[in-house]
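One structure is given here, and the rest of the page talks about it.
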Amino acid sequence: MRVEREKRTIIEPKVLKGFRDFLPSMEIPKKAIVNKLEEHFSLYGFVPIDTPVLEYTEVLLGKGGGETDKQIFHFLDNGERDVAMRFDLTVPFARFLALHQNELAFPFKRFHINKVWRGENPQKGRYREFTQCDFDIVGADNAEADYEILAMMESSFQVMGVTDFKFSVAHRGLFNAFLTHLGVEEKSTEILRIVDKLKKIGTDEVSALLKECTGTKEKAEDILSYINVENPDEPFLTTLERLSSLAGGEIEHTARMKAIYGYLSDAGIEDHFTLDPSITRGLDYYTGIVYETFLTELPHFGSVCSGGRYNDLASLYTKEQLPGVGSSIGLDRLLAALEELESPVIQRASSSDLIILCLDESLRSWYDQLARRFRSEGIRTDAYLLNKKMGAQFKYAEANHIPYGLSCGTLEKSAGKVTLKNLKTREMHQMISIEEAISIIKRN
RNA sequence: GUGGAAGUAGUUCAAUGGUAGAGCACCAGAUUGUGGUUCUGGCUGUUGCGGGUUCGAGCCCCGUCUUCCACCCCA
């Protein structure tokens, strides 16, 4: 038997580049965050949907192709169909809308939390397989819908326990109006990409690239003056007025942004939002407001939550016009950032709230009854399964970050009491009632 | 996909081309109706993988994989 085992070839237990295993220390906080977000989205009346991992390649790539840009995983399936793995949740959602619009009530508000795949070169916070948390509103092209998405972004970060973040907001439509006013609208895609690099390569580099792109120094400077906020503390509405006049007194988009900002102010959350005209978003389907989210202490990680308004995304698949606005949280990037920040969101992850220690093997049945009682109170309770020394049991509890231990023997059983120990402070609550123990655990 | 840097025990790091080591962690034992100290013993490595040069390679050379960084793009 043993000889046979040693002879057998061992397959190297490797995983693909950019793909990862999740150990409990990461999967527990990830699951906890997902659960909180799902509950939170539901509070706003959003409903969950799901779509297939695989789609026809033509469905995901749209008309323009651009396969190399999207770095999509695609292949022929066993029936020779040209298939691809979804690289985001928005494009499959557009397909979903076109297919099911008769079965949906609009405005349709959905959320979708699942994995997506991109064949990019991985880096820290950038993976080939990662989870997106999308939430979108379709069928409402107004400031109220735009605001609701922004408000949900803000409250979602609060719910996740993330504190140091900033939302950078801009308006693609307003920027396009400005470019038209300048007479360079045919170069807009290229200009957007250059502008997007401002924070990374600096003003001088961007200026040089813009000059090259537009052909004149004046236009490059005009664009720079539009995107470059000299005064970072300039009030939102002042910046907006400035952009509006630069765009030739544009009215429609300015009014929309004003209305959105009004709602943010009324809700008292406007401080989290900055009007940053250098935010453009590379994706060309955006038509209105766009936004990115940066963690104050780790701006180089990139955006952890981005999105915007797209008023004709579904037009690839249907003649019906379905205006949408939405946002997507990059959960894996966010978790990587929180890990680097040694955030309590990750470090506090525990497998359970209470462990029932085994002092006396003959009391197993009673331990089980205690466990059932605590579980019925919604307390995650782990009954230690082995008959080991206390030291080993405490080590197990510590490794799993379990805050409380119940250490009970025949004394407690005959008295109808329990002894609860705070495993961190090592404080003992001896001979207390089960109800007292429950309230102590719940208080924490 | 292109360019650059790095890969040694679970982890942090050593080792002039000459027997691969240390701390922490881990496991076992002693003591204990209760683990942070102490003591004793122990384990962990095909030096990422595959070739080459050499009497001899963790070290030099080539390839490959992975990670990290930049480009690109983005969550």
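Chain naming here is simple, since letters A, B, ... match the order of the sequence lines and numbering starts at 1 in each.
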Relative to the ring of A:Phe41, is the ring of A:Phe111 parallel (under 30°), tilted (30 to 60°) or perpendicular (over 60°)? tilted

Per nearest nucleotide of RNA chain B, the residue lying toward the 5' end, A:Leu16 or A:Glu292, is A:Leu16

Could you tell me whether the phosphate oxygens of B:rA70, OP1 or OP2, come under 4.0 Å of any side-chain nitrogen or oxygen in A:Arg126? no

Would you kindly give the CZ-to-C1' distance between A:Phe19 and B:rA75, to the nearest whole Å? 15 Å

Taking only the side-chain nitrogens and oxygens of A:Lys200, find out if one of them lies under 4.0 Å from OP1 or OP2 of B:rC74. no

Which of these nucleotides, B:rC74, B:rC71, B:rG33, is closest to any side-chain atom of A:Gln123? B:rC71

Separation of A:Phe294 atom CZ from B:rA75 atom C1', in whole Å? 11 Å

Examine the base of B:rG33 for any acceptor or donor lying under 3.5 Å from a partner atom in the side chain of A:Glu412, and report the outcome as yes or no. yes

Using the benzene-type ring in the case of Trp, are the ring centres of A:Tyr367 and A:Tyr384 under 6.0 Å apart? no

Which word best sums up how the rings of A:Tyr261 and A:Phe236 line up, parallel for under 30°, tilted for 30 to 60°, or perpendicular for over 60°? parallel

For the residue pair A:Phe157 and A:Phe165, does the interplanar ring angle fall in the parallel (under 30°), tilted (30 to 60°) or perpendicular (over 60°) class? tilted

Tell me what A:Gly18 touches on the nucleic acid: a base, only sugar-phosphate, or nothing, going by heavy atoms under 4.0 Å. sugar-phosphate

Considering only side-chain heavy atoms of A:Lys395, which listed nucleotide, B:rC74, B:rC26, B:rC69, is closest? B:rC26

Nearest to the side chain of A:Ser303, which nucleotide is it out of B:rG35, B:rA75, B:rG33? B:rA75

Can you tell which of B:rG33, B:rG29, B:rC73 lies closest to the side chain of A:Lys197? B:rC73

Regarding A:Thr410, tell me which of base, sugar-phosphate or nothing describes its non-hydrogen contacts under 4.0 Å with the strands shown. base

Using heavy-atom distances to pick each residue's nearest nucleotide on RNA chain B, tell me which of A:Asn121 and A:Leu359 is more 5'. A:Asn121

Given A:Asp136, A:Asp134, A:Thr90, the one that forms side-chain hydrogen bond (donor to acceptor under 3.5 Å, both in side chains) with A:Ser328: A:Asp134

B:rC69, B:rU32, B:rU67: which one has an atom nearest the side-chain heavy atoms of A:Lys17? B:rU67

Among B:rU66, B:rU34, B:rG33, the one nearest any side-chain atom of A:Met390 is B:rU34

Find the distance A:Lys14:NZ to B:rC49:P and express it as a whole number of Å. 12 Å

Under 4.0 Å, counting only non-hydrogen atoms across every strand here, what does A:Leu331 touch: a base, just sugar-phosphate, or nothing? nothing

To the nearest angstrom, how far is A:Lys389 atom NZ from B:rG29 atom C1'? 7 Å

Ring centers of A:Phe273, A:Phe167 separated by less than 6.0 Å: yes

Using a heavy-atom cut-off of 4.0 Å across all strands, would you classify A:Leu334 as base, sugar-phosphate, or nothing? nothing

Would you classify A:Gly125 as touching base, sugar-phosphate or nothing, given that sugar-phosphate means primed atoms plus P, OP1 and OP2, and contacts are heavy atoms under 4.0 Å? base

By the 4.0 Å heavy-atom rule, please label A:Cys133 as base, sugar-phosphate, or nothing. nothing

Counting the atoms with a prime plus P, OP1 and OP2 as sugar-phosphate, which does A:Gly302 contact under 4.0 Å by heavy atoms, base, sugar-phosphate, or nothing? nothing

A:Arg426 side chain N/O closer than 4.0 Å to the phosphate oxygens (OP1, OP2) of B:rG36? no

Distance check, C1' atoms only: B:rG3 and B:rG56, in whole angstrom units. 36 Å

What is the distance, rounded to the nearest whole Å, between atom CD of A:Gln393 and atom P of B:rU34? 14 Å

Round to the nearest Å and state the distance from A:His401 atom NE2 to B:rG35 atom P. 20 Å

Find the distance A:Lys124:NZ to B:rA75:C1' and express it as a whole number of Å. 16 Å

To the nearest Å, give me how far apart OH (A:Tyr127) and P (B:rU67) are. 10 Å

Identify which nucleotide among B:rU31, B:rC74, B:rU34 has an atom closest to any side-chain atom of A:Arg118, counting heavy atoms from C-beta outward. B:rC74

